[in-house]
2 protein chains.
Amino acid sequence: MPSDPDTKAQILKAAKSALLNTGYSGLSTRKIADEAGVPLSQIHYHFGSRHNLVLALLDRENQKLLTRQQETFLSEMPLWKRWEQACDYLEDDLRSGYVRILQEMTAAGWSDDDIAAAVRDILKGWFDLLSGTAAAAAEKLGGLGPFTPEEIGVLAGMPFLGIEAMLLLGFKEKDLPSRSALRKVGSVIRKLEGD
Amino acid sequence: MPSDPDTKAQILKAAKSALLNTGYSGLSTRKIADEAGVPLSQIHYHFGSRHNLVLALLDRENQKLLTRQQETFLSEMPLWKRWEQACDYLEDDLRSGYVRILQEMTAAGWSDDDIAAAVRDILKGWFDLLSGTAAAAAEKLGGLGPFTPEEIGVLAGMPFLGIEAMLLLGFKEKDLPSRSALRKVGSVIRKLEGD
DNA sequence: GTCTAATTCGGTCGATCGACCGAAAGGAGT
DNA sequence: ACTCCTTTCGGTCGATCGACCGAATTAGAC
């Protein structure tokens with residue numbers, strides 16, 4: 001009775017839901033099993049351990065992002081428009097829970113080498129994308145000042161990670177005008193491009 | 001026998017140590033008690049609950065930072081030098097464990113309203129400081145372009161938070177040139193100031 | 001010295017955790 | 001019909017968790 005794909009996907013979906021509800025520190029195999037509506041033993045049958053389940057969840061969430069990344073990379077939009085799109089993606093990813101998942105996994109990685117390596121791999125791919133975009137922008141804009149493309153990648157990407165953590169913490173635009181700041185950066189880029 | 005101050009401080013110190021070793025999800029009252037060399041019951045006598053102990057630890061770590069913040073606020077250094085100092089502080093805080101503590105608390109706040117409120121208070125103070133500095137810089141530099149001082153505060157502070165999370169995750173300068181990027185921002189500020 | 005209140009200590013409670021087990025149930029190939 | 005392999009299921013193990021208790025100890029007031 002190989003209803004395997006169903007159950008496995010069901011557990012992963014429940015694991016995501018449980019992670020969003022309780023955070024990583026409150027995550028337990030029993031809560032996941034209850035949420036999925038399957039016996040506890042199913043989790044260890046399909047994933048072997050809680051640890052492996054977490055890694056599988058991270059991998060599954062990342063799969064979704066990879067396809068979108070490649071679309072963006074192939075796009076020929078002007079820089080300011082790509083920045084705008086990145087701001088839109090942030091809102092999407094906040095709603096979908098992906099931001100929370102990745103940030104929870106990042107925090108878990110501070111104490112777990114396997115998770116840390118997995119998260120670094122994911123984020124490394126993102127930074128390479130940003131660096132590549134910066135390298136292309138260097139030609140268009142005539143150099144990047146004192147910065148290498150990789151450093152521009154850092155300066156473009158890190159604010160998003162910091163803002164994500166703050167938004168998850170409950171900061172509102174009134175106390176931390178993060179969204180308006182990001183949008184205005186887009187308009188500055190637009191002027192730099194001479195649009 | 002009121003050796004109370006000793007024991008209480010000892011427990012807080014052990015709590016910090018345990019948090020650095022195991023992360024928030026692995027933190028337990030027994031590990032803290034063992035590390036402090038006191039019976040488990042002492043923790044509940046002095047702090048009432050694990051929850052209160054965590055909040056007390058956060059408050060204690062923040063006290064240290066507050067004094068330094070005020071020193072920086074009162075300083076009359078040029079902007080680029082303050083930025084350099086912020087980079088130096090980052091290295092100090094990474095070594096001392098303060099970065100890890102605050103980032104762990106931030107992540108814990110995603111699932112705990114009390115911790116979230118406490119962390120927001122701390123970071124709100126930091127952002128106000130940055131915004132104030134940006135407002136002062138606006139006069140010196142002749143405006144901030146399209147940005148409000150608060151938005152400049154966001155754009156100055158958020159990269160640090162993102163970079164902290166990545167450094168804790170084990171990113172090296174080779175894969176993520178975060179330190180060189182931050183330092184070069186300082187040199188750009190220096191040119192803007194016409195020094 | 002005596003009394004009082006604060007502090008220390010060892011022990012224990014019920015709940016929850018991850019992991020594992022053997023038996024039952026089901027589908028596929030013959 | 002039979003076998004073989006995958007999957008499902010309920011139950012249980014030892015470990016660990018936060019919280020709490022009563023008794024013993026100690027410092028300081030008088």
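Below, chain A is the first sequence line, B the second, and so on; all start at residue 1. Reckoned from all heavy atoms, side chains included, excluding hydrogens, waters and symmetry mates.
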What does B:L27 touch in the nucleic acid at a heavy-atom separation under 4.0 angstrom: a base, only the sugar-phosphate, or nothing?
-> sugar-phosphate

Kindly state whether the ring of A:W83 and the ring of A:F160 have centres lying under 6.0 angstrom apart.
-> yes

Among the nucleotides D:dA19, D:dT7, C:dG18, which one has an atom lying closest to any side-chain atom of A:S28?
-> C:dG18

Atom-to-atom span, CD of A:Q42 to P of C:dA19 - whole angstrom | 16 Å

Taking only N and O in the side chain of B:H46, is any of them less than 4.0 Å away from OP1 or OP2 of C:dT8?
-> yes

Within this structure, what is the NE2-to-C1' distance between B:H44 and C:dC9, rounded to whole angstrom?
-> 15 Å

Mapping A:K31 and A:G48 to their closest nucleotides on DNA chain C, which lands nearer the 5' end?
-> A:K31

Residue mapping more 5' on DNA chain D - nearest nucleotide basis, A:R30 or A:P39 = A:P39

Rounding to a whole Å, what distance do you find between A:D34:CG and D:dC9:C1'?
-> 14 Å

Distance-only, no hydrogens or angles: does the A:K16 side chain make a donor-acceptor pair with backbone N or O of A:L58 under 3.5 Å?
-> no

For the pair made of CD1 in B:I43 and P in C:dC9, what is the distance, rounded to whole Å?
-> 13 Å

Taking atom C1' of D:dG18 as reference, at what distance in whole Å does atom NE2 of B:H51 sit?
-> 13 Å

Within 45° cone and under 6.0 Å: A:K8 NZ/CZ vs A:F47 ring | yes

Roughly how many Å is it from CG in B:L40 to C1' in C:dC13, rounded to a whole number?
-> 13 Å

Pick base, sugar-phosphate or nothing for B:L53, based on heavy-atom distances below 4.0 Å to the nucleic acid.
-> nothing

Report the residue from A:R100, A:R68, A:K64 that forms a salt bridge (charged side-chain N to carboxylate O under 4.0 Å, His left out) with A:D93.
-> A:R68

Rounded to the Å, how far apart are B:N52 CG and D:dG18 P?
-> 14 Å

Checking only heavy atoms, does the side chain of A:S41 share a donor-acceptor pair with the base of D:dG10 at less than 3.5 Å?
-> yes

With a distance cut-off below 6.0 Å to the six-membered ring centre and an angular limit of 45° from the axis, does A:R50 pair with A:Y24 as a cation-pi contact?
-> yes

Could you tell me the separation between the CG atom of B:D6 and the P atom of C:dA6, rounded to a whole number of Å?
-> 19 Å

